[in-house]
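Report on the structure given below.
Atom set for the values below is all heavy atoms of this structure, side chains included, hydrogens, waters and symmetry mates excluded.
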Amino acid sequence: MWSGAQHAAEHRAMQVGFIGLGNVGGKLAGSLLRNGVDLTVLDRKPDLVAGFAARGATAAGDAAALMRGCDVVATCLPSPAASAAVVEEMLPEVAAGKTWLEMSTTDDAEIRRLAALIEARGGAAVDCPVSGGCHRADTGNISIFAGCDRATFERVLPLLKLLGRRVLHTGPVGSASVLKVVTNYLATANLVSVCEALVTARAAGMDLNTAYEAIRISSGASFVHETEGQVILNGSRDISFTMDLVAKDIGLFQAIAERTGVPLEISPLLNEIFRDGRARYGPRALSPNIIRRLEEATGLDIRAPGFPPELIDDEPEAPGHEVAPAGAARPVAAR
């Protein structure tokens with residue numbers, strides 16, 4: 001099994017901080033710890049911090065102290081407001097040589113505003129959200145977008161290759177956040193269409209195991225179907241992602257479209273579907289439970305035997321690498 005020791009060796013003298021140890025952040029921070037990075041952590045939940053401390057991480061007292069003692073600080077937080085509050089707390093400790101990695105899914109205008117504050121004090125900022133599901137964040141096989149100047153990207157790439165399998169330099173600060181919101185919008189649209197497809201197949205008398213396989217091997221195949229489709233059919237609906245987070249992401253996508261004058265048709269409907277889902281089931285309901293709207297409307301139970309209750313990434317961990325956009329010359333990766 002691959003170990004990131006060859007990459008981690010480059011960071012043994014680097015102090016890395018991580019703020020936000022939730023469903024995604026905790027798994028990303030775990031990849032750093034597993035690969036030998038000297039890690040300091042912070043979260044509002046003491047039990048999450050204690051769990052990392054028991055595995056060898058250092059617990060920080062607050063965000064300012066964490067920035068003071070670290071060369072690189074990553075944040076993975078639930079909202080733009082939460083990220084802004086943490087940056088304001090860290091800002092007095094930012095200086096030349098300090099780097100902030102924003103791994104949250106956030107507003108591109110806000111990340112540019114916060115990055116300017118970091119840069120004004122001599123630091124560097126990177127928006128580097130991840131994509132691919134919590135199960136891949138747990139194994140270091142997730143994909144990472146990185147928005148920053150090329151020189152900064154080269155400096156942080158070895159660290160990003162410990163966190164993820166595929167790393168894409170998307171352009172200047174803010175570009176990664178735009179593309180992350182775009183991909184989350186597409187995943188949400190696919191989730192709703194998968195729900196409609198499964199319920200309609202069941203209503204038409206199809207066996208759901210057969211329907212799942214027909215979609216998987218056909219032109220209807222997708223990442224969402226092959227992952228979330230399984231936990232929908234199991235009945236657990238557990239992908240460690242909730243309706244309030246979906247609503248935030250597709251709301252950010254709609255805001256970009258409105259700001260840029262794109263007259264969308266599907267996006268407003270998706271936003272309305274998830275407003276209704278949150279009202280019915282609560283903001284912290286697992287996002288695949290959006291299928292319950294159709295189950296309740298039809299009286300059908302969309303479950304089938306043989307599907308897992310949660311997603312497990314069984315792909316072996318492997319060295320991360322930079323990917324080049326289609327049609328572009330392959331970049332020279334940082335050492």
Side-chain angles (χ1 to χ4, degrees), residues 1-43 48 52 55-58 66 70-78 83 86 98-106 111 124-148 152-170 173 175-177 179-180 183-184 240-241 311 313 315-323 331 333-335:
M1 179 176 174
W2 175 78
S3 166
Q6 65 269 37
H7 292 311
E10 301 175 26
H11 293 280
R12 291 198 189 281
M14 178 182 286
Q15 303 293 311
V16 179
F18 206 104
I19 303 176
L21 304 174
N23 286 331
V24 176
K27 294 175 175 60
L28 294 170
S31 286
L32 295 176
L33 199 59
R34 182 174 67 251
N35 285 303
V37 172
D38 191 346
L39 187 67
T40 303
V41 296
L42 179 66
D43 194 276
L48 296 179
F52 269 83
R55 293 158 57 190
T58 301
L66 188 143
C70 293
D71 304 296
V72 177
V73 174
T75 53
C76 191
L77 299 163
S83 291
V86 165
K98 303 279 189 179
T99 302
W100 171 47
L101 305 180
E102 170 62 298
M103 307 198 76
S104 319
T105 300
T106 190
I111 184 65
V126 186
D127 63 319
C128 48
V130 300
S131 185
C134 286
H135 61 304
R136 288 187 174 173
D138 199 27
T139 59
N141 287 328
I142 203 160
S143 296
I144 302 178
F145 302 157
C148 57
T152 299
F153 177 77
E154 293 283 348
R155 287 200 308 273
V156 301
L157 180 56
L159 190 63
L160 296 181
K161 289 193 293 186
L162 295 180
L163 289 160
R165 172 74 69 88
R166 300 168 186 87
V167 184
L168 176 66
H169 183 216
T170 57
V173 169
S175 60
S177 292
L179 291 173
K180 168 61 174 175
T183 60
N184 276 19
S240 299
F241 205 71
L311 299 175
D313 181 19
E315 187 177 6
E317 187 174 4
H321 63 275
E322 182 182 1
V323 298
R335 292 185 68 254

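Every residue was checked against the side chain to side chain donor-acceptor pair (under 3.5 Å) condition with R136, not counting sequence neighbours, and none meets it. Residues that satisfy the side chain to side chain contact (heavy atoms under 4.5 Å, CB included) test with L311, not counting sequence neighbours, are H135, T227, V231, I239. Legend: residues meeting side chain to side chain donor-acceptor pair (under 3.5 Å) with T105, ordered by chain and number and at least two apart, are absent. Checked against side chain to side chain contact (heavy atoms under 4.5 Å, CB included), A146 has the following partners two or more places apart in sequence or in another chain: V126, C128, F153, L160. Residues satisfying the side chain to side chain contact (heavy atoms under 4.5 Å, CB included) test with T40, not counting sequence neighbours, are T58, A60, L66, C70. Applying the side chain to side chain contact (heavy atoms under 4.5 Å, CB included) criterion to S131, with sequence neighbours excluded, gives K180, T183. Scored by the salt bridge (charged side-chain N to carboxylate O under 4.0 Å, His left out) test, R165 finds E315 as partners (sequence neighbours excluded).
Between atom CD of residue E322 and atom CG of residue L168 there is a gap of 7.5 Å, rounded to the nearest 0.5 Å. Note that the CG atom of L48 and the CG atom of D43 stand 5.0 Å from one another [nearest 0.5 Å]. Between L101 atom CG and C76 atom SG the span is 11.0 Å, to the nearest 0.5 Å.
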Could you go step by step and tell me if I142 and L28 meet the side-chain contact (heavy atoms from CB on, under 4.5 Å) rule? CA-CA 9 Å; I142 203 160; L28 294 170; 4.3 Å; yes

Verdict with supporting geometry, M103 and V130, side-chain contact (heavy atoms from CB on, under 4.5 Å): CA-CA 7 Å; M103 307 198 76; V130 300; 3.7 Å; yes

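Annotation for F145 and A176: closest pair CB-CB, 3.7 Å, computed over non-hydrogen atoms. For the pair A29 and L39, the tightest heavy-atom approach, listed with the atom from each and the gap, is O-CD2, 3.5 Å. Here the closest heavy-atom approach between residue R155 and residue A124 is recorded as NH2-CB, 3.7 Å. Across all non-hydrogen atoms, the minimal contact from C148 to A125 is CB-O, 3.7 Å. Contact detail for S177 and I111: the closest heavy-atom pair is OG-CG2, 3.9 Å.
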Which donor-acceptor pairs under 3.5 Å do side chains of residues 19-27 form with protein atoms, sequence neighbours excluded?
| unit_1 | atom_1 | unit_2 | atom_2 | d |
| --- | --- | --- | --- | --- |
| N23 | ND2 | S240 | O | 3.2 |
| K27 | NZ | N23 | O | 3.0 |

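You'll find the side chain of V73 stays beyond 4.5 Å of the side chain of V86, heavy atoms only. The side-chain heavy atoms of T99 and M14, taken from C-beta on, include no pair separated by under 4.5 Å. Within the 4.5 Å cutoff, side-chain heavy atoms of L32 are placed close to those of L163.
Checked by atom type and distance alone, the side chain of D127 never pairs as donor or acceptor with a backbone atom of V173 at under 3.5 Å.
Q15 and D38 share a donor-acceptor pair across their side chains, judged by distance under 3.5 Å alone.
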